[in-house]
**Student:** 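Mind having a look at this structure? Questions to follow.
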Amino acid sequence: MKDRKLRIFHTADIHLDTPFSRLDLRKGESRRNDLRATFTAMMLYVRRMEADIALLAGDLFDDGSATKETVELMIREFEGAKNCKFIIAPGNHDPISPGSVYASKRFPDNVYIFKESKLSRFEFSDLGVDVYGWAFTSPSMTENPLINAELEQNGRTKLLCAHCDTRSPLSPYCPVSEGDIVRLGFDYAALGHIHKKGEIKHVDNTFYGYSGAPEGRSFDECGVMGAFLTDIGYNGECECDFVPFSRRRYEIAECDLTGCVTREMAEERVSALIESKKYGSDTILRLVLTGAVAPELSLGGFKNAEARLFDLQVRDSTTPTFDGDKLVRDITLRGALYRTLLPELQSADEETRQTAADALRYGLAMLNGTVPGDL
Ligand SMILES: [Mn+2]
């Protein structure tokens, strides 16, 4: 095992018990289970890697209505990792207030929860560490607890565990600047609030950053997500490793269907894309279909693709203009319909194009005596 002074696990924004109301009931339940499983996997990792401290930088719960089972699971997991000290900095989604989980439940002795919105600290003389931080006490917080702060110079390693927003001094979610963090000379600052995949920065002697959420919950949080394991050496150097934890990943991909005449051709292209990107049962995919397809082609469900993924959303941005030359010359009603819609089909405005494409598909289907696919 490496020579190190301190091993830190850093996560935030788990948002346990998120309702996932956009998914169907079964998949929503499955995603809530995923969040709990991701949390449990992280706790197992904390034990296996023998982390000294776990910094949980807020939004552990999605809101105040966390279920009893989830809270009990969390407490059990903390109890199961007795050698690790868990520091919790409540965030804007799970602020500490009378009646909140943090104020009303009894947490094990190895759990330390910040209770005030001003800067405070937990001192661990056994580890030679001070952990600074604060709590959201309501869903917003406009003051910056670091603004006039000074840290006690006592030779201990200085950590920060906090939910805050470093992006704007006007943020209603605890606006803190990166300059404040660096000026105060924290060795490692574990931040929470920004969900996208995390990144740790290094300025002067300070390592700081957001872990990101360990499990994405929407198409704003794409890709493989995780947490950080940070070792602090005796010289103060930090080694920060990103550790993937997400059970599922959100992905957005574009599939060019130019030239597709039949549904089978379109299905084949979509399958090839899924294959090449290695999407599978862990993937929640938003598929954006583009390109000029045959006017008669109606794009319905993609059953094969759906069966291979956790969930599939399709956005159809194709235009029914492939091989339109034939239709332009067509002397029947079909040709007349096509010629009438052609200016709109070639419009620079996406919405106009889509409306004209729908009109053409409907019209052609009616003239053929068929019903178009899901439009
Ligand atoms: Mn959050």
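Hydrogens, waters and symmetry mates are skipped; everything else that's a heavy atom, side chains included, is used. For ligands, and for the atoms within them, numbers begin at 1 and follow the listed sequence. Quantities reported herein were computed from a predicted structural model and do not represent experimental measurements.
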**Student:** Please name all residues satisfying side chain to side chain contact (heavy atoms under 4.5 Å, CB included) with T340, sequence neighbours left out, ordered by chain then number.
**Tutor:** none
**Student:** Distance from L341 atom CG to S347 atom OG, nearest 0.5 Å?
**Tutor:** 12.0 Å
**Student:** Using a side-chain heavy atom cutoff under 4.5 Å and only I, L, V, M, F, W and Y, what cluster partners does V182 have?
**Tutor:** L119, Y132, W134, F136, M141, L146, L151, L160, Y173, V176, I181, L184, F186, L191, I194, V203, Y208, Y210
**Student:** Thinking salt bridges, do R315 and E254 make one under a 4.0 Å N-O criterion?
**Tutor:** no
**Student:** Salt bridge or not for K158 and D187, using N-O below 4.0 Å?
**Tutor:** no
**Student:** Give the table of side-chain donor-acceptor pairs shorter than 3.5 Å for residues 121-129, with sequence neighbours excluded, one pair per line with atom names and distance.
**Tutor:**
{"unit_1": "R121", "atom_1": "NH1", "unit_2": "D130", "atom_2": "OD2", "d": "2.9"}
{"unit_1": "R121", "atom_1": "NH1", "unit_2": "E152", "atom_2": "OE1", "d": "3.3"}
{"unit_1": "R121", "atom_1": "NH2", "unit_2": "E152", "atom_2": "OE1", "d": "2.5"}
{"unit_1": "E123", "atom_1": "OE1", "unit_2": "R156", "atom_2": "NH1", "d": "3.4"}
{"unit_1": "D126", "atom_1": "OD2", "unit_2": "K85", "atom_2": "NZ", "d": "3.1"}

**Student:** So which protein N/O/S atoms does the Mn ion (ligand 1) have within less than 2.8 Å?
**Tutor:** D13 OD1, H15 NE2, D59 OD2, H195 NE2
